[in-house]
*Asks:* 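Quick one: the structure is below, questions incoming.
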Amino acid sequence: MPKKSEAIKVVFRVRPLNSKEKQVGRGIATVAHEDKGVIEISSPDGGLDSTKTFTFDAVFSQKSSQRHIYDVCAAPVVQSVLEGFNGTVFCYGQTGAGKTHTMEGLNEPSELKGIIPNTFEHIFDHIALNGSKDKYLVRASYFEIYNEEIKDLLLSKPQTGGLELKESADSGVYVKDLTSTVVKSVDEIDTILQKGKKNRSVGATLMNACSSRSHSVFTIIIECCSTDESQNEHIRVGKLNLVDLAGSERQSKTGATGDRLKEATKINLSLSALGNVISALVDGKSQHVPYRDSKLTRILQDSLGGNTKTVMCANAGPADYNYDESLSTLRYANRAKNIKNKPVINEDPKDAMLREYQEEIARLKERLSQMPSISSSDDAIWQQRERVHPQRVMCQEEREKLRVKLEEEQEARLDTENQRLELRRQLDEMEAKLMTGGEIANHAAKQEAALRKANQELIAKQETELALTRKMNEQEEEKLHLEEQFSSLAEEVASKTKKLKKVFARYQQAKAEIKDLEHESLADKNELLETIRDLTKQLKLKEFVISSFIPPQYALAYDSIDNGGRAVYDESRETWSISRMKVNGFNAARDRRVGTSGLRRPEIEYARRRKMVDPNLRWHSEDVVELDIAMPTRSTPDFEDPNTASKIAAILAMDLNDPMEELPRKKTSNRASRFLSLNGGGRKHKSRNRRGDGANRRDEDRSRKLCRPTTAN
């Protein structure tokens with residue numbers, strides 16, 4: 001049976017004007033009409049057909065609450081994940097458009113919680129209210145893609161390199177060695193979120209004081225084990241990706257330089273790769289989808305055209321200052337509406353961790369059942385002791401052997417008891433990681449679940465009504481065209497003229513759209529060229545430093561291995577690595593000497609002999625090879641004069657302003673050195689100017705005048 005395909009759900013949110021935009025008096029260019037599901041954007045330049053409209057599955061204005069956005073966007077996906085589907089919710093938009101606020105929100109007040117915290121409550125309320133006694137295992141992980149490197153946000157120590165992406169037939173694309181933590185409550189999983197947020201890369205730009213400099217992915221894996229009527233167990237595994245993308249940036253607006261510019265370049269490249277993937281999926285003619293162009297697209301491979309229920313929440317600001325960026329986001333989201341996914345339930349997968357936990361619990365219970373009980377062992381020992389006491393005539397040797405045997409049995413019994421306690425502890429730990437549905441239900445949770453269910457039913461009805469209204473309008477328009485009749489020729493001419501004007505208006509609108517796209521493409525091209533120029537300047541600077549301070553024979557070692565160097569490119573990590581240089585002869589590292597045994601700290605033979613004649617503590621029980629520092633010989637004298645800079649500047653100014661000057665710039669340094677020699681700061685030497693003696697004497701007179709001591713006012 002072929003899989004049923006469904007389009008990804010695309011919603012659009014317009015944030016309110018921020019304080020800075022209100023302060024400078026920015027106008028509103030982007031407006032959301034929630035009742036129609038339409039976004040209108042008006043060009044600040046005005047003109048014919050300056051207003052454009054875009055239709056989405058749902059739109060949210062400035063008045064929409066965080067909880068309403070969650071109920072419409074994420075709640076259906078989360079419910080599908082609890083049933084065994086894969087799900088993804090990701091936010092896209094310009095920097096400062098409110099993506100992180102939509103995904104995370106604020107902890108207080110509760111009305112401002114974003115999609116991720118509301119997801120936590122939804123999952124654990126569902127488990128608590130499940131009356132079927134199903135067993136659940138919930139795991140969470142958190143990572144970011146920073147400068148095309150994957151970093152685990154749950155590690156406390158800084159990471160030197162990025163994690164690797166792997167792909168398997170069972171689990172698809174996954175991150176190798178990523179920390180995955182088992183959680184059992186909302187507080188535990190929220191602690192993981194807060195820990196990861198502290199480690200996430202953020203920075204300030206001109207458009208956002210706390211701008212996300214990386215794409216973050218919070219993953220929740222929910223495994224559920226249920227029993228059918230035949231007492232057969234079935235495991236369902238749902239995977240939920242909550243993705244907060246970094247915002248697209250224009251360097252001219254953000255003012256990014258240095259590291260911020262490098263981060264912005266990587267962000268824009270990954271988002272451009274995501275746009276290419278969406279275009280290839282929508283086009284239908286492309287035989288190749290470029291998922292491998294970036295790590296972000298590889299991670300979202302199943303979410304775009306794969307086995308996942310996906311929701312895209314596009315964000316934009318309403319200010320006319322951001323018209324170009326908002327229009328680009330609208331077109332981006334409009335293309336994504338046509339992507340088709342084929343989600344299926346992940347039932348009885350081979351790599352389910354819940355099955356491994358159940359098998360381990362069964363193994364521990366079996367080992368506990370096979371171990372002898374404590375009471376039976378004690379009874380056997382006491383019976384042997386009772387048989388020993390009546391036999392008073394036993395010799396001392398036999399009595400000692402029997403006593404030793406009883407003590408060994410007693411020790412074996414204690415060892416068995418310790419093993420039993422250890423197995424019981426392991427069993428309790430394994431069982432504690434599993435949750436059973438309906439165990440922790442309370443009145444508040446039941447009310448919350450009932451309210452969520454009612455909201456879901458209401459939202460589903462509203463979406464159905466909106467879809468039916470759009471369909472009815474289209475059908476009525478087609479019906480009017482078919483049933484249209486005219487009583488006179490003039491009426492027919494008037495009607496067809498009206499239609500022609502409407503078609504011509506659409507034609508003009510399409511031409512304007514093409515012109516806007518060309519303008520947008522040209523602006524993006526110029527932005528990329530400007531970024532390339534800045535990066536080229538940084539590259540040339542580094543090449544200049546290498547050529548100036550590193551000898552050519554050593555600089556060659558940093559070239560690729562194909563060109564005779566030692567640099568090797570790792571395709572899995574997408575990084576360059578340079579192997580350690582092997583140095584022989586004088587510069588080779590000396591082998592560490594072996595210390596004398598029997599001392600508190602290692603001591604070499606040289607130190608042992610030296611401490612006999614030298615009282616310095618450095619030779620006492622220290623494994624030291626060399627501690628002397630070879631200081632360089634001083635080759636420059638000190639010259640302290642507060643007027644040095646002004647005097648030299650005056651000499652240079654005279655040279656630059658002298659119309660008779662025909663010498664190259666390097667002659668200026670000769671005059672500066674001559675000036676220093678006159679002040680005792682350097683060795684006196686004869687000028688080698690090509691000019692005549694009169695010109696040389698004139699320069700010396702200028703220098704002497706400048707070197708005269710000035711009288712303090």
Side-chain angles (χ1 to χ4, degrees), residues 11-34 39-46 50-52 59-66 69 91-109 111-115 197 200-216 244-265 267-268 271 313-333 520 523-524 526-527 530-531 534:
V11 301
F12 203 95
R13 182 182 191 183
V14 181
R15 65 165 174 81
L17 289 171
N18 56 35
S19 57
K20 184 178 180 180
E21 293 169 345
K22 292 179 180 178
Q23 185 177 1
V24 298
R26 292 292 181 188
I28 295 179
T30 307
V31 180
H33 301 280
E34 295 190 37
I39 297 290
E40 286 187 358
I41 182 168
S42 302
S43 173
D45 300 333
S50 61
T51 301
K52 298 179 177 61
V59 299
F60 307 104
S61 64
Q62 297 90 333
K63 299 180 181 180
S64 299
S65 64
Q66 292 278 76
I69 293 173
C91 280
Y92 173 84
Q94 176 198 12
T95 179
K99 300 179 297 300
T100 302
H101 180 72
T102 301
M103 293 301 297
E104 298 177 3
L106 302 176
N107 291 331
E108 296 295 337
E111 293 80 7
L112 295 181
K113 288 183 177 180
I115 289 176
K197 287 171 63 176
R200 191 178 176 189
S201 302
V202 295
T205 64
L206 295 180
M207 296 190 67
N208 192 355
C210 190
S211 175
S212 301
R213 313 309 297 169
S214 65
H215 311 297
S216 69
D244 180 17
L245 298 179
S248 57
E249 298 184 2
R250 291 188 184 273
Q251 193 270 342
S252 57
K253 286 189 175 183
T254 59
T257 58
D259 291 339
R260 293 289 173 267
L261 178 61
K262 181 181 178 182
E263 294 166 353
T265 303
I267 291 170
N268 290 338
L271 293 177
C313 182
N315 296 68
D320 53 4
Y321 175 68
N322 298 321
Y323 170 79
D324 293 334
E325 290 79 5
S326 300
L327 183 59
S328 176
T329 303
L330 284 165
R331 289 172 175 152
Y332 201 102
E520 181 181 351
D524 292 341
N526 293 333
E527 189 77 19
E530 187 65 27
T531 303
D534 293 337

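Keep in mind it's a predicted model, so treat the numbers as computed, not measured. Position 1 is the first residue of the sequence, and the numbers go up from there.
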*Asks:* Within the structure provided, determine whether N322 and E21 are in side-chain contact (heavy-atom separation under 4.5 Å).
*Replies:*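 N322 vs E21: side chains touch.
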*Asks:* Quick one: list whatever passes side chain to side chain contact (heavy atoms under 4.5 Å, CB included) with V202, sequence neighbours left out.
*Replies:*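 Only C210 meet the side chain to side chain contact (heavy atoms under 4.5 Å, CB included) criterion with V202.
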*Asks:* Provide the closest heavy-atom pair for S326 versus G317 in the form atom of the first, atom of the second, distance.
*Replies:*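 Between these two residues, the closest heavy atoms are OG-O, 3.2 Å.
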*Asks:* About how many Å separate SG of C91 and CG of L245, when rounded to the nearest 0.5 Å?
*Replies:*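 It is 8.0 Å, given to the nearest 0.5 Å.
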*Asks:* For residues T102 and R13, is any side-chain donor paired with an opposing acceptor at under 3.5 Å?
*Replies:*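 There is such a pair between these side chains.
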*Asks:* Which atoms form the tightest heavy-atom contact between I28 and V31, and what is the distance?
*Replies:*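 Heavy atoms of I28 and V31 come nearest at CG2-CG2, 4.0 Å.
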*Asks:* Just by distance, with hydrogens left out, do T51 and E40 show a side-chain donor and acceptor under 3.5 Å apart?
*Replies:*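 Absent: no donor and acceptor within the cut-off.
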*Asks:* Test your reading of the model: is there a side-chain donor-acceptor pair from Q66 to the backbone of H101, 3.5 Å cut-off?
*Replies:*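 The answer is yes, because a donor-acceptor pair under 3.5 Å joins these two groups.
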*Asks:* So, S61 side chain and A32 main chain: donor-acceptor pair closer than 3.5 Å or not?
*Replies:*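 Checked: no pair found.
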*Asks:* For A246 and I267, work out which heavy atoms get closest and say how close.
*Replies:*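 What the structure gives for the nearest pair is CB-CD1, 3.7 Å.
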*Asks:* Could you measure the distance from the OG atom of S214 to the CD atom of E263? Nearest 0.5 Å is fine.
*Replies:*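 These two atoms lie 8.5 Å from each other.
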*Asks:* With sequence neighbours left out, write down each residue that passes side-chain hydrogen bond (donor to acceptor under 3.5 Å, both in side chains) with T329, or none if nothing qualifies.
*Replies:*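 Testing T329 for side-chain hydrogen bond (donor to acceptor under 3.5 Å, both in side chains), a comparison that skips the adjacent residues, returns none.
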*Asks:* Which distance, rounded to the nearest 0.5 Å, do you find between the CD1 of I69 and the OG of S64?
*Replies:*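 The CD1 atom of I69 sits 5.5 Å away from the OG atom of S64.
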*Asks:* Keeping the roles fixed (side chain from Q62, backbone from P16), state whether a donor-acceptor pair exists under 3.5 Å.
*Replies:*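 Judged by distance alone, no pair lies under 3.5 Å.
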*Asks:* Under the side chain to side chain contact (heavy atoms under 4.5 Å, CB included) rule, collect the residues that match up with P44, sequence neighbours excluded.
*Replies:*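 Once residues adjacent in sequence are excluded, the partners of P44 under the side chain to side chain contact (heavy atoms under 4.5 Å, CB included) criterion are D320, Y323.
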*Asks:* For the residue pair A264 and R213, what are the closest heavy atoms and their distance?
*Replies:*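 Nearest heavy atoms, A264 then R213: N-NH2, 3.7 Å.
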*Asks:* Once you round to the nearest 0.5 Å, how far does CD of E325 lie from CG of L330?
*Replies:*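 Reported value, rounded in 0.5 Å steps: 12.0 Å.
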*Asks:* Find the distance between NZ (K197) and OG1 (T100) and round it off to the nearest 0.5 Å.
*Replies:*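 Interatomic distance, K197 NZ to T100 OG1, rounded to 0.5 Å: 9.0 Å.
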*Asks:* Has the side chain of K99 got a donor or acceptor atom that lies under 3.5 Å from a matching backbone atom of Q94?
*Replies:*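 A pair under 3.5 Å: yes.
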*Asks:* Does this structure show an ion pair linking D244 with R200, if we count only N-O contacts that are shorter than 4.0 Å?
*Replies:*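 Salt bridge present between D244 and R200.
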*Asks:* Taking atom NZ of K113 and atom CD of E104, what is their separation to the nearest 0.5 Å?
*Replies:*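 Rounded to the nearest 0.5 Å, the NZ-CD separation comes out at 13.5 Å.
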